[in-house]
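See structure below.
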Amino acid sequence: MPYKSLKDIRQHGPVVKIEDPLTDVPYWAVVGQQELDFVSKNPALFSSAKRTAFPMEIPQDEVDFIHCHTIINMDPPRHQKVRRIVREAFTPKRVNSYEPAFRAHAKQIIDRIVLRGECEFVEEVAAELPLIAILELLGVPLEDRNQFFEWTNTMMFADDPDMATSIEDGQIAAGECINYALALAAQHRQQPMNNITGALLDGNVDGEPITEEDFAWMFILILVGGNESTRTVISQGMRLLMEHPDQLEFLVQNPDKIVDAIDEILRYNTAFIQMRRTATEDIELGGQQLRAGDKVILHYHAVNHSEAVFGEDAMRFDVRRSERMPKLGQQLRSFGIGQHFCIGSHLARLELQVMFEEIITRLRNPSLQGEIAYIRSYFVNGIKNMRIRFDT
């Protein structure tokens, strides 16, 4: 993460014009919290549907197809109507009921590696619980999780030039996921499921049931969003704790502080770095004059390091920050804000709490073994692999 470059951008103001040599499409980087909140809460002025919410440049024919089927690329009123269908599966009360099962899975994950004294942390630890959890909620048998791990990696790594995976491979993996989702839909018709899959297939928008095609794209979005983002935060959190052994030892000695520390982990390395909106009319924002059709980037990571919000030490990792900022969790923009606030935030927080409580108390004195391989992406702040060693 180019921390210093992002700080330089923030010093130019809350909204900064960026010339993009990768895409040749200039954009406005929104790096002020107040301005980011305004954009997020005014979808009529800043659309997710016009050019999708993804920061990459997508051909118009694909835009026309994608925005119709995935909730992240919808504007009101359709967005709220579709979101309402799945919201019930992610309420705090429902999510809290998953804790015993998540705890049992987390213990098994650590049991498998603890006596070895070393592991490849991303695949063997960080990726496991988020994938298991979301597959269970979608009604996918656990024996298929390796296949879904490969599919989600292929889709996620498609824009990483260091990977053999290509854009075409990503499209093929998405097609495989769609076929699997359609098979699940057929299964639900015969044997109804009481889970997210069932909620989607049984729901309706304006009196009409969701089409199986819409369901399949929603399935992919929930799968990738619920899996990759939490995997990334666990991986980056482990990296940060190894780089700050004094803070890790504080959590070892004070495990009741782990929940508070998770807010700082979420702040410091945001999983989804940025999202896109498109200005629908000429408007002034943060002292800049935007024109209708302009590309607007909500830079969550830059906002999460804002000195104006988090103080002069905003670029310092500090698991005790919440002691000085009791409302730290409310100031984060790691899950977005407004209409598109992450519907799975409660689920992600529970998974993070359960995993870090197991990791911190059982993997003693962890340290990096070799170089970290990061995903090359300006969308997902992920780690490909990270080998570690620890005391047993």
Side-chain angles (χ1 to χ4, degrees), residues 1 90 92 95-96 98-103 105-107 109-110 121-122 125-134 225-273 300-301 303-305 309-311 313-337 341-363 366 380-383 386 388:
M1 183 57 63
F90 292 102
V95 168
N96 289 341
Y98 306 148
E99 196 274 344
F102 287 3
R103 181 76 59 182
H105 285 310
K107 289 183 181 297
I109 291 165
I110 302 303
F121 187 82
V122 178
V125 180
E128 281 285 274
L129 181 60
L131 185 57
I132 290 170
I134 206 64
N227 168 27
E228 171 48 37
S229 57
T230 315
R231 176 211 307 191
T232 290
V233 177
I234 294 171
S235 301
Q236 292 280 13
M238 188 65 177
R239 172 187 70 82
L240 289 165
L241 291 173
M242 290 189 297
E243 291 177 356
H244 298 83
D246 57 328
Q247 297 191 45
L248 173 58
E249 184 58 27
F250 170 78
L251 296 178
V252 169
Q253 299 300 326
N254 301 275
D256 59 307
K257 302 294 186 181
I258 291 174
V259 173
D260 292 338
I262 287 169
D263 279 336
E264 180 70 349
I265 290 170
L266 282 164
R267 181 190 77 86
Y268 202 83
N269 273 95
T270 311
F272 289 112
I273 304 166
Y300 304 116
H301 186 95
V303 168
N304 275 345
H305 279 218
V309 178
F310 300 100
D313 70 340
M315 290 180 64
R316 183 170 71 89
F317 178 68
D318 181 6
V319 297
R320 304 183 69 173
R321 186 175 298 274
S322 64
E323 294 177 7
R324 307 191 307 277
M325 291 187 67
K327 295 184 178 180
L328 176 62
Q330 298 175 27
Q331 297 290 353
L332 305 179
R333 295 298 177 262
S334 308
F335 296 112
I337 195 170
F341 181 80
C342 177
I343 200 168
S345 62
H346 294 298
L347 181 69
R349 284 184 177 279
L350 177 60
E351 292 174 12
L352 292 169
Q353 176 185 343
V354 168
M355 281 306 304
F356 277 114
E357 285 175 350
E358 293 299 318
I359 291 166
I360 288 170
T361 56
R362 298 183 65 189
L363 305 185
V380 179
N381 185 22
I383 293 177
M386 181 173 70
I388 70 169

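Since this is a predicted model, take the numbers as computed values, not measurements.
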Side chain to side chain contact (heavy atoms under 4.5 Å, CB included) between Ile134 and Thr230, intermediate numbers included: CA-CA 11 Å; Ile134 206 64; Thr230 315; over 6 Å; no
Please walk me through it: do His301 and Phe272 pass ring pair (Phe, Tyr, Trp, His ring centres under 6.0 Å)? CA-CA 8 Å; His301 186 95; Phe272 289 112; over 10 Å; no
Step by step, work out the side chain to side chain contact (heavy atoms under 4.5 Å, CB included) result for Met355 and Val125. CA-CA 9 Å; Met355 281 306 304; Val125 180; 3.7 Å; yes
Could you check Ile265 against Gln236 for side chain to side chain contact (heavy atoms under 4.5 Å, CB included), going step by step and ending with a plain yes or no? CA-CA 8 Å; Ile265 290 170; Gln236 292 280 13; 5.8 Å; no
Derivation of the side chain to side chain contact (heavy atoms under 4.5 Å, CB included) call for Arg103 and Glu357: CA-CA 9 Å; Arg103 181 76 59 182; Glu357 285 175 350; 2.8 Å; yes
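Distance check, rounded to the nearest 0.5 Å: CG of Leu328 to CD of Glu323 gives 11.5 Å. Rounding to the nearest 0.5 Å places CZ of Phe250 at 6.0 Å from NZ of Lys257. Note that the SG atom of Cys342 and the CZ atom of Arg349 stand 10.5 Å from one another [nearest 0.5 Å]. For the atom pair CG of Asn304 and CD of Glu264, the computed distance is 9.5 Å after rounding to the nearest 0.5 Å. Between Leu332 atom CG and Ile262 atom CD1 the span is 11.5 Å, to the nearest 0.5 Å.
Gln353 places no side-chain N or O within donor-acceptor distance of the main-chain N or O of Val259, the cut-off being under 3.5 Å. Between the Asn254 side chain and the Asp256 main chain, no donor and acceptor come within less than 3.5 Å of each other. Proximity of a side-chain donor or acceptor of Arg321 to a complementary backbone N or O of Phe310 within less than 3.5 Å is detected. Remark: side-chain polar atoms of Asn381 are not paired, donor with acceptor, to backbone N or O of Ile273 under 3.5 angstrom.
Annotation: side chain of Arg231 is not in contact with side chain of Leu131 (no heavy-atom distance under 4.5 Å). Side-chain atoms of Leu352 and Ile234, non-hydrogen and from C-beta on, do get closer than 4.5 Å to each other. Using a 4.5 Å cut-off on side-chain heavy atoms (C-beta onward), Pro255 and Ile360 make no contact. Residues Asp260 and Val319 have side chains not in contact (no heavy-atom distance under 4.5 Å, counting atoms from C-beta outward). Using a 4.5 Å cut-off on side-chain heavy atoms (C-beta onward), Ile109 and Glu358 make no contact. When side chains are defined from C-beta on, Leu347 counts as touching Phe102, because their heavy atoms get closer than 4.5 Å. Contact of the Phe356 side chain with the Leu241 side chain is registered, since non-hydrogen atoms from C-beta on lie closer than 4.5 Å.
Minimum interatomic distance between His346 and Pro92 (heavy atoms only, all atoms of both residues): NE2-CG, 3.3 Å. The two residues Met386 and Arg239 make their nearest non-hydrogen contact at SD-CB, 4.0 Å. Arg333 approaches Tyr300 most closely through the heavy-atom pair O-CD2, 3.4 Å. Residues Ala348 and Phe335 come closest through the heavy atom pair CB-CE2, 4.0 Å. The shortest non-hydrogen separation linking Gly226 to Glu351 is O-OE1, 4.4 Å. The shortest heavy-atom contact between Ala271 and Ser229 is CB-O, 3.5 Å.
Remark: the Asp263 side chain and the Ser322 side chain contain no N/O donor-acceptor pair separated by less than 3.5 Å. A donor-acceptor contact under 3.5 angstrom links the side chains of Thr232 and Glu228, judged on distance only.
Aromatic ring pairs are classed by plane angle as parallel below 30°, tilted from 30° to 60° and perpendicular above 60°; the pair Tyr268 and Phe317 is perpendicular.
None of Val233, Ile383, Leu240 except one satisfies the side chain to side chain contact (heavy atoms under 4.5 Å, CB included) rule with Asn269; the exception is Leu240.
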